Amino acid sequence: MMPLTMANPGQTVIIRKITGRDEVRQHLAELGFVVDSCVTVVSALGGNLICQVKDSRIALDRTLANRVMI
């Protein structure tokens, strides 16, 4: 397992685990980052990511992206 920040742009990955406090996990779940779902990394710049989740593009900063394990 590795954090989402390690994924390359254009790569589609499956979320294996989400770490952090309950509030952080709930926030990510509301954005669509749930275990066993697919996420495509659209672009990465300085650890900050733009991800395609279902039909939406979502920007995550480095700290939130490090909470998502793939």
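Below, all heavy atoms of this structure are taken into account, side chains as well, without hydrogens, waters or symmetry copies. Treat the numbers as computed from the prediction; the structure is a model and nothing was measured.
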J.: In terms of hydrophobic clustering (I, L, V, M, F, W, Y; side-chain heavy atoms under 4.5 Å; direct or indirect links), are V24 and V53 co-clustered?
T.: yes
J.: So, does N8 use its side chain to make a donor-acceptor pair with the main chain of Q11 at under 3.5 Å?
T.: no
J.: Please find the pair of heavy atoms, one from V42 and one from P9, that lie closest to each other, and give the distance.
T.: O-CB, 3.9 Å
J.: In terms of hydrophobic clustering (I, L, V, M, F, W, Y; side-chain heavy atoms under 4.5 Å; direct or indirect links), are M2 and V13 co-clustered?
T.: yes
J.: Report the residue from D61, I58, V41, L64 that forms a side-chain contact (heavy atoms from CB on, under 4.5 Å) with L49.
T.: V41
J.: Given side chains that start at C-beta, do those of I14 and I70 come closer than 4.5 Å, heavy atoms only?
T.: no
J.: For S37 and G32, which heavy atoms make the closest approach, and how far apart are they?
T.: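 Here S37 and G32 meet closest at OG-O, 3.8 Å.
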J.: After noting the C-alpha distance and the side-chain angles of R25 and T19, does the key distance pass the side-chain contact (heavy atoms from CB on, under 4.5 Å) rule?
T.: CA-CA 7 Å; R25 290 195 316 254; T19 63; over 6 Å; no
J.: To the nearest 0.5 Å, what is the distance between OG1 on T40 and CZ on R57?
T.: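 Answer rounded to 0.5 Å: 9.5 Å.
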J.: Dump the intermediate steps for side-chain contact (heavy atoms from CB on, under 4.5 Å) on L28 and R67, then the final yes or no.
T.: CA-CA 9 Å; L28 286 168; R67 300 275 182 222; 4.2 Å; yes
J.: Mind checking the CZ-NE2 spacing from R21 to H27? Nearest 0.5 Å is all I need.
T.: 12.0 Å
J.: Can you name the nearest heavy-atom pair linking T12 to C38, along with the distance?
T.: CG2-CB, 4.2 Å
J.: Does any non-hydrogen side-chain atom of I15 lie less than 4.5 Å from one of M69?
T.: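 Counting from C-beta outward, M69 and I15 never come under 4.5 Å.
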J.: Is any side-chain heavy atom of L4 closer than 4.5 Å to one of L60?
T.: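 A side-chain contact under 4.5 Å exists here.
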J.: Taking atom CE of M6 as the centre, report whether more than 12 heavy atoms of other residues, nucleotides or ligands fall under 6.0 Å from it.
T.: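 No - once you tally the heavy atoms of other residues, nucleotides and ligands closer than 6.0 Å, there are 12 at most.
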J.: Strictly distance-based, threshold 3.5 Å: is any side-chain N or O of R62 a donor or acceptor partner for the main-chain N or O of G46?
T.: yes
